[in-house]
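What follows is a single structure, written as structure tokens, with notes after it.
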There are 2 protein chains.
Amino acid sequence: MMSAHEVVAAYWDAAETRDWTKFADLLAEDVVYEAPQSRERVRGRSAYVRFNVDGFPGQWHLAVERIVVEGRHAASWIRFSGESGTQPGMCFFDLDDHDRIARITDFWPDPYEPPSGRAHLAERY
Amino acid sequence: MMSAHEVVAAYWDAAETRDWTKFADLLAEDVVYEAPQSRERVRGRSAYVRFNVDGFPGQWHLAVERIVVEGRHAASWIRFSGESGTQPGMCFFDLDDHDRIARITDFWPDPYEPPSGRAHLAERY
């Protein structure tokens, strides 16, 4: 029996290794995925596996920066490396009573220039 | 003595109420803030309080969507409402041995249009 932390780690490991059977096993039958930035929503395990298999073509790899789990809630911060470079990604997960992933909220922040008004308040790196 | 979860909740409460004394008390003396999207970095408690006091002018409010804490690591997802609308924000925190916030990594994802190639794989909301 995996801990909730191990479930989220296994989710990213299954995605990285394209082990879609293992990936599907970690999901609740009625999993709901939402990407608030693009307002995309995917409902159900098979639709969500298909979204991952078919929705991200090309070469890509991911590495976990941080997984944080508290009770049935989890957050992850990953580094996604694809053909257009490397980008951070954040997910918030809700797990069901069987430690399956029931809800995923996904965020992909892009680079931006800081407002000039706060240039004196921070260094750049 | 606050739990690590309570420390992160108090951090957002202090920001929302502009209680900068309470806000400062939650931070390690050598706190480091980084915003990977803008590559801004702020080092030290007093500089980081000033960044918050002076760096975000105008009316704004925030509401916590989720706080997840595991050991010395935490993640939060907030809703920031300012003059240009409402935006989600994610932070990853590291706490020191005294449960003070020692490291903050801050992300602000913007809306985007999904790639057309996956339109058949997700609904829009």
Side-chain angles (χ1 to χ4, degrees), chain A residues 3-5 8 33-43 47-58 65-77 79 86-94 105-115 117-125, chain B residues 3-5 8 33-43 47-58 65-77 79 86-94 105-115 117-125:
Chain A
S3 71
H5 189 112
V8 176
Y33 165 91
E34 286 183 354
Q37 293 167 271
S38 59
R39 307 194 73 77
E40 290 171 286
R41 182 185 288 131
V42 183
R43 297 170 192 268
Y48 184 59
V49 173
R50 195 163 52 234
F51 178 78
N52 280 273
V53 173
D54 295 343
F56 299 84
E65 289 276 1
R66 194 68 54 78
I67 291 171
V68 186
V69 179
E70 182 177 2
R72 310 243 71 81
H73 300 301
S76 66
W77 163 16
R79 233 178 22 255
T86 296
Q87 181 171 25
M90 281 89 236
C91 279
F92 285 77
F93 299 92
D94 294 345
T105 311
D106 193 21
F107 296 98
W108 295 99
D110 278 317
Y112 64 82
E113 282 303 303
R118 69 180 192 226
H120 60 299
L121 298 170
E123 60 184 279
R124 303 295 296 281
Y125 67 95
Chain B
S3 70
H5 189 112
V8 176
Y33 165 90
E34 286 182 354
Q37 293 166 272
S38 60
R39 307 194 74 75
E40 289 171 288
R41 181 185 288 130
V42 183
R43 297 169 191 268
Y48 184 59
V49 173
R50 195 163 52 235
F51 178 78
N52 281 273
V53 173
D54 295 343
F56 300 84
E65 290 277 358
R66 194 69 54 80
I67 291 171
V68 186
V69 179
E70 183 177 2
R72 309 243 73 78
H73 299 302
S76 66
W77 163 17
R79 229 175 26 251
T86 297
Q87 181 170 26
M90 281 90 236
C91 279
F92 284 77
F93 299 91
D94 293 346
T105 312
D106 194 20
F107 297 98
W108 295 99
D110 278 316
Y112 63 82
E113 283 303 304
R118 68 181 192 225
H120 61 297
L121 299 170
E123 61 184 280
R124 303 295 297 282
Y125 67 95

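In this text the structure is predicted, and so the values were computed from the model without any measurement.
In this structure, A:M90 and B:M90 have side chains that are in contact, with non-hydrogen atoms separated by less than 4.5 Å. The shortest distance between side-chain heavy atoms of B:E123 and A:E40 does not fall below 4.5 Å.
Annotation: side-chain contact (heavy atoms from CB on, under 4.5 Å) contacts of A:A47 (sequence neighbours excluded): A:V42, A:R50. Under the side-chain contact (heavy atoms from CB on, under 4.5 Å) criterion, A:N52 pairs with A:W20, A:F23, A:Y48, A:F56, not counting sequence neighbours.
Options A:G55, A:P57, A:A119 differ in how many heavy-atom pairs under 4.5 Å they form with chain B, and the most are formed by A:G55. Between chain A and the residues B:G117, B:S76, B:G71, the most heavy-atom pairs under 4.5 angstrom are made by B:S76.
Aromatic ring pairs are classed by plane angle as parallel below 30°, tilted from 30° to 60° and perpendicular above 60°; the pair B:F92 and A:F92 is tilted.
Atom OG in A:S38 sits 6.0 Å away from atom CZ in B:R118 (nearest 0.5 Å).
Only the backbone of A:A74 comes within contact range of chain B, with at least one heavy atom under 4.5 Å from a heavy atom of that chain. Proximity to chain B (any heavy atom under 4.5 Å) is restricted, for A:H5, to the side chain, taken from C-beta onward. The contact between A:D54 and chain B is made by backbone and side chain atoms together, counting heavy-atom distances below 4.5 Å. Only the side chain of A:P88 comes within less than 4.5 Å of a heavy atom in chain B; its backbone stays farther off. In this structure, the portion of A:T105 lying under 4.5 Å from any heavy atom of chain B is its side chain and not its backbone.
The shortest heavy-atom contact between B:I67 and A:E70 is O-OE1, 3.7 Å.
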task = List the steps and the verdict of side chain to side chain contact (heavy atoms under 4.5 Å, CB included) for B:H73 and A:V69.
result = CA-CA 9 Å; B:H73 299 302; A:V69 179; over 6 Å; no
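Using a distance-only test at 3.5 Å, with no hydrogens or angles considered, no donor-acceptor pair links the side chain of A:Q37 to the main chain of B:P111. Using a distance-only test at 3.5 Å, with no hydrogens or angles considered, a donor-acceptor pair links the side chain of A:R39 to the main chain of B:Y125.
The aromatic ring centres of B:Y112 and A:W108 sit 6.0 Å or more apart.
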